[in-house]
Amino acid sequence: MDLLFDDVPRLGRVMQVDDRAEALVAGWKAEPAAIEMQTADLKGLRVFLLDSPADAPSTAGKFAIPDAMIAAASGTNVTRDLDTNWGRTSWGAVAAANPESLVLLDYQAGNGAADTFMFLQEHPVMSQTDAVKNERWIGFRYEELTPGPANIRAIAIVAQAMNPGLN
């Protein structure tokens with residue numbers, strides 16, 4: 001998130017709109033800070049982000065923006081131990097982590113994230129996880145899970161999905 005927060009003021013200086021850029025970033029910073037305050041005392045959920053289903057699922061490691069987004073929303077990315085931004089893991093490792101919530105990348109083909117969730121419901125090991133059993137998932141478009149301003153609102157959506165009582 002710091003990359004986004006640092007780039008906009010630099011662009012503001014170049015475009016000679018420093019005050020507007022600083023105000024924009026201040027607003028962006030306020031939203032995740034408010035979410036973190038609301039969720040500070042809540043038990044965060046174990047979250048698995050699925051980029052695309054395959055023999056070896058593609059997911060977000062510790063250097064991908066979704067890892068920071070999940071953490072800002074009080075959750076723990078179950079593939080945080082992957083020493084990469086985006087990479088592959090095994091279905092067995094994900095199932096062993098027993099995610100309680102899912103973030104599904106929605107490429108908006110067919111039925112999008114709903115099709116991906118149906119794949120997980122039929123998967124031999126993933127169908128046994130708490131997230132799948134409880135049908136606890138949300139879909140995001142590509143631009144919401146890659147670095148940019150859409151991440152701010154996506155953090156709020158993840159936090160709300162994990163903690164339905166939040167405002």
Side-chain angles (χ1 to χ4, degrees), residues 1 3-4 31-167:
M1 297 304 296
L3 293 174
L4 174 65
E31 290 183 54
I35 291 166
E36 286 184 43
M37 287 189 64
Q38 290 178 338
T39 60
D41 296 332
L42 300 176
K43 177 191 174 283
L45 299 180
R46 294 179 309 278
V47 180
F48 173 59
L49 179 141
L50 179 56
D51 178 345
S52 58
D55 290 339
S58 179
T59 189
K62 66 181 172 185
F63 299 123
I65 192 73
D67 182 72
M69 294 167 58
I70 291 166
S74 81
T76 301
N77 176 9
V78 300
T79 56
R80 185 171 206 314
D81 61 335
L82 291 176
D83 198 24
T84 187
N85 50 6
W86 295 91
R88 296 211 178 265
T89 187
S90 71
W91 290 115
V94 175
N98 192 21
E100 299 164 288
S101 185
L102 302 167
V103 173
L104 306 176
L105 195 60
D106 188 341
Y107 285 105
Q108 300 177 328
N111 289 320
D115 282 348
T116 300
F117 185 71
M118 286 187 343
F119 168 86
L120 295 173
Q121 287 178 305
E122 296 169 1
H123 193 277
V125 295
M126 289 303 295
S127 63
Q128 303 307 305
T129 63
D130 289 347
V132 175
K133 286 180 187 177
N134 296 318
E135 298 186 16
R136 194 171 197 156
W137 64 276
I138 51 177
F140 283 108
R141 294 181 322 274
Y142 180 78
E143 66 270 13
E144 294 170 306
L145 296 176
T146 55
N151 299 148
I152 304 300
R153 181 72 188 122
I155 291 169
I157 293 168
V158 171
Q160 183 67 37
M162 289 192 301
N163 306 287
L166 292 181
N167 314 5

Using a 4.5 Å cut-off on heavy atoms from C-beta on, say whether the side chain of [Y] contacts that of [X].
X    : Y    : value
E100 : N98  : no
F48  : P57  : yes
M162 : T39  : no
V103 : L145 : yes

Which heavy atom of [X] sits nearest a heavy atom of [Y], and at what distance?
X    : Y    : result
A73  : V158 : CB-CG1, 3.6 Å
E144 : M69  : O-CE, 3.4 Å
A72  : I155 : CB-CG2, 3.9 Å
P124 : S127 : O-OG, 3.5 Å
I70  : T76  : CG2-N, 3.7 Å
P99  : T129 : CD-CG2, 4.0 Å

F63 atom CZ, over 12 foreign heavy atoms within 6.0 Å: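 Atom CZ in F63 is crowded, with more than 12 foreign heavy atoms closer than 6.0 Å.
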V94 vs T89, side chain to side chain contact (heavy atoms under 4.5 Å, CB included): CA-CA, chis, key distance, verdict: CA-CA 8 Å; V94 175; T89 187; 3.6 Å; yes
Plane angle bin for F117 and W137 - parallel if under 30°, tilted between 30 and 60°, otherwise perpendicular: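 The arrangement is parallel - the two ring planes meet at less than 30°.
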Donor-acceptor contact present, side-chain N151 to main-chain T146, <3.5 Å: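 Yes: the side chain of N151 pairs with the backbone of T146.
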L120 and W91: CA distance, side-chain angles, deciding distance, side chain to side chain contact (heavy atoms under 4.5 Å, CB included) verdict: CA-CA 10 Å; L120 295 173; W91 290 115; 3.7 Å; yes
Salt bridge (charged side-chain N to carboxylate O under 4.0 Å, His left out) between R80 and D67, intermediate numbers included: CA-CA 7 Å; R80 185 171 206 314; D67 182 72; 3.3 Å; yes
Residues K62, D81; criterion salt bridge (charged side-chain N to carboxylate O under 4.0 Å, His left out); working and verdict: CA-CA 6 Å; K62 66 181 172 185; D81 61 335; over 6 Å; no
Side chain to side chain contact (heavy atoms under 4.5 Å, CB included) assessment of W86 paired with L49: CA-CA 10 Å; W86 295 91; L49 179 141; 3.5 Å; yes
CA sep, side-chain torsions, deciding dist, call: R136, L45, side chain to side chain contact (heavy atoms under 4.5 Å, CB included): CA-CA 11 Å; R136 194 171 197 156; L45 299 180; 3.4 Å; yes
